[in-house]
Each structure stands twice: as structure tokens, then as C-alpha cells.
Amino acid sequence: MPQLRLLRNAFALLVLTLLTACASMGGNDRSGLQISQDPRGVAIASEDSNLFLPGSATLQPESAPFFDRVSQLLRDRPERKALVDSVSDNTGSAEYNQELQEVRALSIMKALTSRGIDRSRLAYVTGSSATPTPGTMQPVNTAVQQSKIIILGASTADMNVNTIERFFDGISNLGKSLFN
């Protein structure tokens, strides 16, 4: 019986390895992107790192690949506008957090415009406001802990993100965590 258990575990490891390899193949590079459906559109957050150091509005250098990928998604959808939904660390005074959220949103917008995204396609809110005004901010609840970019009116189906792909992404991430 111990040999059967060992064989079963080896087979499971082989299947996991093959699924991880399959999931990492393909031309649509969304690695490092956390993509989900939001009532306003497709929400994209960084899976690899926080975009900012605590208390800072300066983008971390390792966030560059995230903005490269998001910019490409936006260039592929020129008819769509994007909403930067910014959050702060929620430490300090309410005024400090509000200002930090706004400056972080502007930093994110600058990163996108420097990659060729037209400023007229971008708006921002702080927290999770439902009705943005282009180029203005709206103070709201900051329960969300990560800034995200929302491609307005889009759906994950538009982005070719289906259940099977999300499954393989999950398997790939599990494989990476096990083998790294």
C-alpha cells in the first residue's frame, strides 16, 4: 500500500507540473495581473507586488511590467475608457489618506499616459466610488486594500478570461508557489 500512495503522489505531481507548463504557454501574457469582474467593468490589480511603498505615492520600480501589460490591454481596446480606483494605507488622518489616494491615482495615470494611453480615456476615484467625474476624485470608503485599474464597460468575456483559463492560472500559481 505505501507504494501505491507513493505512485499516486508522483502521478499527482506530474499532472500538476504538466498543467503548470500548459497554463504558462500562450501569447496572452496576463501574468502578474489579477483580473476580476467589477460592476463597472473589468478590474485589474497587480498580483506580483504592491504598486507603492506604505505611505508613499511613488511607484515602485518593479511595478513597470504591470503597467506595460495594462497599457497593452488598453491599447488593444481603444474604444474603452479606464478608471483608476485608488486606495491608501488607511493610516493617519482622513485628510492625509485622501490626499495620498489622489496623488497615487495621479501617479498611476501618469504611468499609463507615459505608455501611450491618451489622458482623455482616463479618470480616477479614490476608494470605490460608483460615479467618477473624469479627472476628478471622489472620497469614499477605503475597505479595498489595493489600487486597481478598471476598464469601464468591459467584461472578463471580452478579455478572453474564461473559467478554464482562471483554473489554469490558479494551477500555475500553485505550481510556482510549490517550486519556487
Here the gap from Glu47 atom CD to Ile35 atom CD1, rounded to the nearest 0.5 Å, amounts to 9.0 Å
Distance (rounded to the nearest 0.5 Å) between Leu122 CG and Lys110 NZ: 14.0 Å
For Val87, is there any backbone N or O sitting under 3.5 Å from a side-chain donor or acceptor partner on Ser147? yes
Which heavy atom of Leu100 sits nearest to which heavy atom of Ser88, and what is that distance? CD2-CB, 3.9 Å
In the structure I gave you, are the side-chain heavy atoms of Ile44 and Lys148 within less than 4.5 Å of one another anywhere? no
Do side-chain atoms of Arg80 reach the backbone of Gly41 as a donor and acceptor pair under 3.5 angstrom? no
Any residue meeting side chain to side chain donor-acceptor pair (under 3.5 Å) with Glu99, in chain and number order, not counting sequence neighbours: none
Closest heavy-atom pair, Asn97 versus Gly92, reported as atoms and distance to 0.1 Å, is ND2-O, 3.4 Å
In short, Asn50 meets Gln60 closest at the heavy-atom pair O-NE2, 2.9 Å
What is the minimum heavy-atom distance between Ile117 and Arg75, and which atoms define it? CD1-CG, 3.8 Å
Indicate yes or no: at least one non-hydrogen side-chain atom of Phe52 is less than 4.5 angstrom from one of Thr58. no
Hydrogens and angles aside, do Tyr124 and Glu102 bring a side-chain donor and acceptor to less than 3.5 Å of each other? yes
Examine Ile149 and Val103 and state if one hydrophobic cluster contains both, with Ile, Leu, Val, Met, Phe, Trp and Tyr joined whenever side-chain heavy atoms are less than 4.5 Å apart. no
From Thr156 atom OG1 to Gln37 atom CD, the distance as rounded to the nearest 0.5 Å: 5.0 Å
Taking every non-hydrogen atom, the tightest pair across Ala43 and Asp38: CB-CB, 3.9 Å
Any side-chain donor near an acceptor of the partner, Gln72 and Asp68, under 3.5 Å: no
Closest non-hydrogen contact found for Thr126 with Gln98 is OG1-NE2, 3.1 Å
If you round to the nearest 0.5 Å, how far is CD1 of Ile151 from CG of Leu83? 11.5 Å
Is the shortest side-chain heavy-atom distance between Ser114 and Phe67 below 4.5 Å? no
Would a distance-only check, ignoring hydrogens and angles, find a side-chain to backbone donor-acceptor pair under 3.5 Å from Thr113 to Arg119? no
Out of curiosity, does Leu106 fall in the hydrophobic cluster containing Leu112 (side-chain heavy atoms, cut-off under 4.5 Å, transitive links)? yes
For the hydrophobic clusters of this structure (ILVMFWY residues joined by side-chain heavy atoms under 4.5 Å, transitively), does one cluster hold both Val42 and Phe66? yes
